[in-house]
Each structure stands twice: as structure tokens, then as C-alpha cells.
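Since the model is a prediction, treat every value here as computed from it, not as a measurement.
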Amino acid sequence: MSENTSSLRNFFLYKCLFALTFWNHVSLSVENKLFIPVSSNFPEDGSDQKIKSLPLLYKNRDESKDSFDWVVIQNTTESLSLSEITNNNVKNLVALLSDFRQGSRLRNLTLTNMSVNWRALMDVFQTVWHSSIEYFNVNTVTQLSDVTRYAFDYSGTSMKALTMKKIKITDLYFTQDDLYRIFADMNIADMTIAESEMIHMICPSSDSPFRYLSFLKNDLTDFLFQECDKLIQLETLILQWNKFESLFKVSFMTSHMKSLKYLDMSNNLLRHDGADVQCQWAESLTELDLSSNQLADAVFECLPVNIKKLDLENNQISRVPKQMADLKSLEELNLASNRLADLPGCSGFPSLQFLNIEMNSILNPSADFFESCPRVRELQGGHNPFKCSCELQAFIRLERQAGGRLFGWPSAYVCEYPEGLRGTELKDFHLSELACNTTLLLVTALLLTLVLVAVVAFLCLYLDVPWYVRMTWQWTQTKRRAQHNQPREQETVLQFHAFISYSERDALWVKNELIPNLEKGEGCVQLCQHERNFIPGKSIVENIINCIEKSYKSIFVLSPNFVQSEWCHYELYFAHHKLFSENSNSLILILLEPIPPYIIPARYHKLKALMAKRTYLEWPKERSKHALFWANLRAAININLLSPDENRCGETD
């Protein structure tokens, strides 16, 4: 009995060793079919690491030279990448993949450049579906034969994600459901079909486990997933670079996706005219990318109410209507590359934290943005055609108040207008407060005008300008009347040697001293005196002007009394006017008594100037000097008159 037991034990041990040896031999043979020997590069600590091999072409020696096998691109215990799969080697590939049952360490498989018929392609997919592979990538596939119905078995899979790119279907006539049903009913979490000219995808037959779907760069239209209620677990949907046109239909598509959180509809042909249609978005949708479409202002009538991140870059939006936008949960808004002329307010976005409004048409952005948007932490407002003017000053000050919330400052904020300031950074543009504050400018101009008027009025009064204006007017009128009354060919004839101007208080000296000494004796002087030579009927001013014009010289007897006399001032003014108008040396000043400067009125500035620039005769108090005084005075008056008045010489007043 013991011998039989020992024999059974040895037989069982032998069978186990044989089975292990056989399985080991099978595994090695499978690996030898697939893997080309490469140098192992394990780390010194013995930890597991992926091993890459060189792209080598494996050729079956038993076949002709024209029959080639696949190319091994990557070869590790967890990843395998093969290229150049054809109908000739697809059976070997299926056989190889059949050995990687669930429990194997192979997790990633990539097949590139496949050119197989429909049945062979489905056989590869079916084999992978029941293997240990979790991530399956298929790139550049050409399907050569007719698409037919295939009974795909989705049970018992380890697959998590499928990615297919550049799939080309050569069959022009086939039942679409035979193709799309295979992929629509896949029981995996992630699926990507990109760059494959796909025009449609049908709704799954039952509740789908899809959480991530990407149909990037295809030809999908608004008919996708309309009234499809099977994508109940879908969280991310990528439909970038397709041919969607109606934003309303897109919203209706998502209304059945109860778990959808992120939707990418960028680079399509989306429009929304707001024709009294009520958009129906999934309530769970929080991130929406609508960039690079054809959306205008009406897009704000058709947005998810619970959206948190919204991308509207590169559209045709010119303004954000306040009455349309009511997105209380919106935190991030991208409005770059649109047609906006100003910063939007936050009346419709009370939770907004990040705003991108770069590359719009903003010349003078509003300076009250952060006041209306207190929660905004970052504003990207650069690369706009800023007009550097007074209106921009408040926005420049905003940067200092914002505390670094202007993204890209200062390099992204540059003047575009006017031409002379193009390229100048906003931080280097400065204008004075007076130049930019219209109210302050007006007030300042008004105050300066008032001050100027007050100064001019004071100077006019101080210098007696109204008096001079009045005298100039009278002089002009008198001259005009004189020219009108006398013939043009008749010129004014000098009849007197001198006109005497003096104060009535100094008349005694004039009558007792001046007139007798000049009109009597040898070389008598003919004098014009108002008491005897003024013509009755004419105004005093006209008589004064007439006497001055008919006299070669004008003698002014200066004294404190003279500067107090109004008529003396008239006479001095007219004589001075003749001095400049005729460019003659006709004034003779006699200082009868010293005149203190402080008693000379302001309007006598001409008298001050004359006394400062011209030599005058001073009446001496000593009698011994009187003869010299009269001699000098006669010398100053000496002239031969053209028409002497014989009745005046020798007469006294």
C-alpha cells in the first residue's frame, strides 16, 4: 500500500513539473514570436521599468521575400506597440493577442498603420476585448472590404479606454448601424474617435458606462445624440472641429446627459439668433467651450444657468447685454478675440473671478470695472488697440489700485493710437490732471479769465486808459472833421511859433514873465494862447488841437498845479500825439517849480517819460540867471514862419 502511495505521489509531481515546463515553453515561444531580443536596462535597485526596443522589422523566413510581418515599436512587460498590420499577418496577431488572457501584465496596446478588411479588424477588436489590455490605441487604419454586421461580444473585458485616430472607410455603401453600433455599445469608460471623417454616431442600445467621449476633428452635425437618454454617466464630451451649426440643438442634445460636466464645442460653425427659443442645457454642466465659432451677442440668451467656466474666445461678440446674462455661478469667462469695445460689467456675473478680454477693440476701457466686479481676482485685458488720451488715465490709475490683478501688465498694455504714441506702454503715458479734468480746466480757465479781466481793469483805471481812449476818439473825430471841411490840396499852415499850455494857477507868471519876454524885443515870438486865440463856437478840444497843429512848438509850463489840471493833461496828450505822428521835435518843457513824483497822477506816465528822456528848462529863482533862461528858450523856439502874423508881435495880454 505504501509503495502504491509513493508511486502516485511521484506521478503527480512529475505531471506538475511537466505542466510547468510546458507552460513555460509555451510562454517563451509566444514571446519569441513577438519580442526581438534587446538589451535589458533594469535599475540597480531591481525595480520594474519599461524596456524599449529599436524599431526592427521581423520577417518570417518560411515566407517569400515580399511577405513582411509587423514592426515592433515598443516592447515591455506592460506596453506593446506594433506597426504595419496587414491582412497577411493579422491572423498571427490575433493568435498572439489570444495568449494575453486576463491576469497577464500587458496593459497598453498600440497598433499603427493597419490595412485590413472589416472582419479582420473586428477579430482584432474582439480578441483585445477579452484580453488583459486596458488601454487600446489604434492609429491610421484603412478598412479594405465591405462593412457587415458583426456579433460583438462585450462581456468579460478589462478595457477602460479606446482611442482611434485616422480611420478610413473605403466602403461607400453600407448600413451605418453595422459600423456605429459596434462602438456605440462598447462597455468602457473612455472612447476617442478622432480625425476619421465620421458623419454620425448612434445612441447606445442601453444605459452606457461612457464617462468620456471625444469625437475630435470629424464631420458630425446637429443630428448627433438628439433625444438620446442612454448617456447617463457621461461627464466629458469633446466635439471640437466638427460641423455643428445650431447652439439650440446642441443644448437640447445635452439635456438628456444627466451627469455631463464638461462640453467642448470649439472650432465649429455654431450660431444662435435668439429667435425666441428656450435653450435646454444639462443642469450638471459646469464647463463649456464655445470658442472659435460664429456666435454673436445673442449667445448670452442660450447658456447653461449653472456654468462656472465659459470660453467664448474668437467669436463675433460686440457687447455683453446686461438684461440677458444671468449666470450667478460663473467664475471664469474668456471673451478674447471678439469685437468688444469696453469691459463688461458684472451685473450678470456676480461670482466672476477671472476675465480674459484680450485682443478686442477696446480703446478706452472703463475704470470702474473692479468696483462693479469686486470678486474678480485677475483681468487679462492686454493686446487691445488702446487710445492714449485723457479717457485712459483713469484705467491706468486702476492698475495701481488693482494690486496686481491686471494680468500681463505692463508689457501687454501698449498704446495703438495716436500715431505718435504707438508702441508706448501705458505705464509710461502721463497727462496732467488739469489737461484731463474738463471741469477743473473750465474752472481754472474761468478763474484766470476773471483774474486777467480784473488786472486789465485795474491797470486801465490806474493808468486812466478810458481817458486816453476818449481823448484818442476826440482827436480822431476832430482830425476827420478838419480833413472833411478843408480842401484836399490845402495844407495846414504854421501861424505861431509856439502854443502855451499852463495851469490857471500859474497864469500870473505866464502873463507877467513868459509872454512879455518872448513877444517883445528883437526877434519877437508869436504865441498861441487860449484866451486870445481860441475860436468861439468850437469845442475846447477842437481849439486845443487846432492851436497845436498851427504851432511849430508846444511850450508846457510844468508845476504841481499843472499836473492837477485836467485841461493841461489834454493839451499835453495832443501835443505828444503830434510829436509821434509827425515825428517832430516840437515839445519844450519849462519846469516852473519842482514836482514831487508822488503827486503826479498815474495817467501822467507820458509826462514822466518826457521828463526822464527830454531836456527841460528850469526857471531859476536867481534874477541874474533869467537872461540866460530867456536866451535858451528863444533859441529852442527859433524858426521863420511862412505866414507871420504881424498883429501879434509886440502885444501883451
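For Trp241, the ring pair (Phe, Tyr, Trp, His ring centres under 6.0 Å) criterion is met by no residue, not counting sequence neighbours. In this structure Asp311 satisfies the side-chain contact (heavy atoms from CB on, under 4.5 Å) test together with Asp289, Ser291, Glu313, Asn334, sequence neighbours excluded.
Between Trp70 and Thr112, every side-chain heavy-atom pair lies at or beyond the 4.5 Å cut-off. Counting only heavy atoms from C-beta outward, the side chains of Glu227 and Phe252 approach each other to under 4.5 Å.
Under the 3.5 Å distance criterion, the side-chain polar atoms of Thr175 are left unmatched by any main-chain donor or acceptor of Asp177. Judged by distance alone, the side chain of Asn293 and the main-chain N or O of Met265 form a donor-acceptor pair under 3.5 Å. No donor-acceptor pair closer than 3.5 Å links the side chain of Asn242 to the backbone N or O of Phe244. For Asp190 (side chain) and Thr192 (main-chain N/O), no donor-acceptor pair under 3.5 Å exists by modelled atom type.
Heavy atoms from other residues, nucleotides or ligands lying under 6.0 Å from CD of Glu283 number 12 at most.
The only member of Glu391, Lys387, Gln393 that meets side chain to side chain donor-acceptor pair (under 3.5 Å) when paired with Ser389 is Glu391.
Side chains of Ser292 and Asn314: a donor-acceptor N/O pair is present below 3.5 angstrom, by distance only. Using modelled atom types and a 3.5 Å distance limit, the side chains of Asp146 and Thr148 yield no donor-acceptor pair.
Within the structure, ring-ring contact (aromatic ring centres under 6.0 Å, His included) contacts touching residues 178-220 (residues at least two apart or in different chains) do not occur.
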- Task: Report the C-alpha distance between Ser205 and Arg181 in whole Å, list the side-chain angles of each, state the deciding distance to 0.1 Å, and finish with yes or no for side-chain hydrogen bond (donor to acceptor under 3.5 Å, both in side chains).
- Result: CA-CA 8 Å; Ser205 303; Arg181 180 62 61 189; 2.7 Å; yes
- Task: Report the C-alpha separation of Glu134 and Lys160 in whole Å, then their side-chain angles, then the decisive distance to 0.1 Å, and conclude whether the salt bridge (charged side-chain N to carboxylate O under 4.0 Å, His left out) test is met.
- Result: CA-CA 5 Å; Glu134 297 179 355; Lys160 294 181 180 179; 3.6 Å; yes
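Relative orientation of the Phe395 and Tyr413 rings is tilted, given thresholds of 30° and 60° on the angle between their planes.
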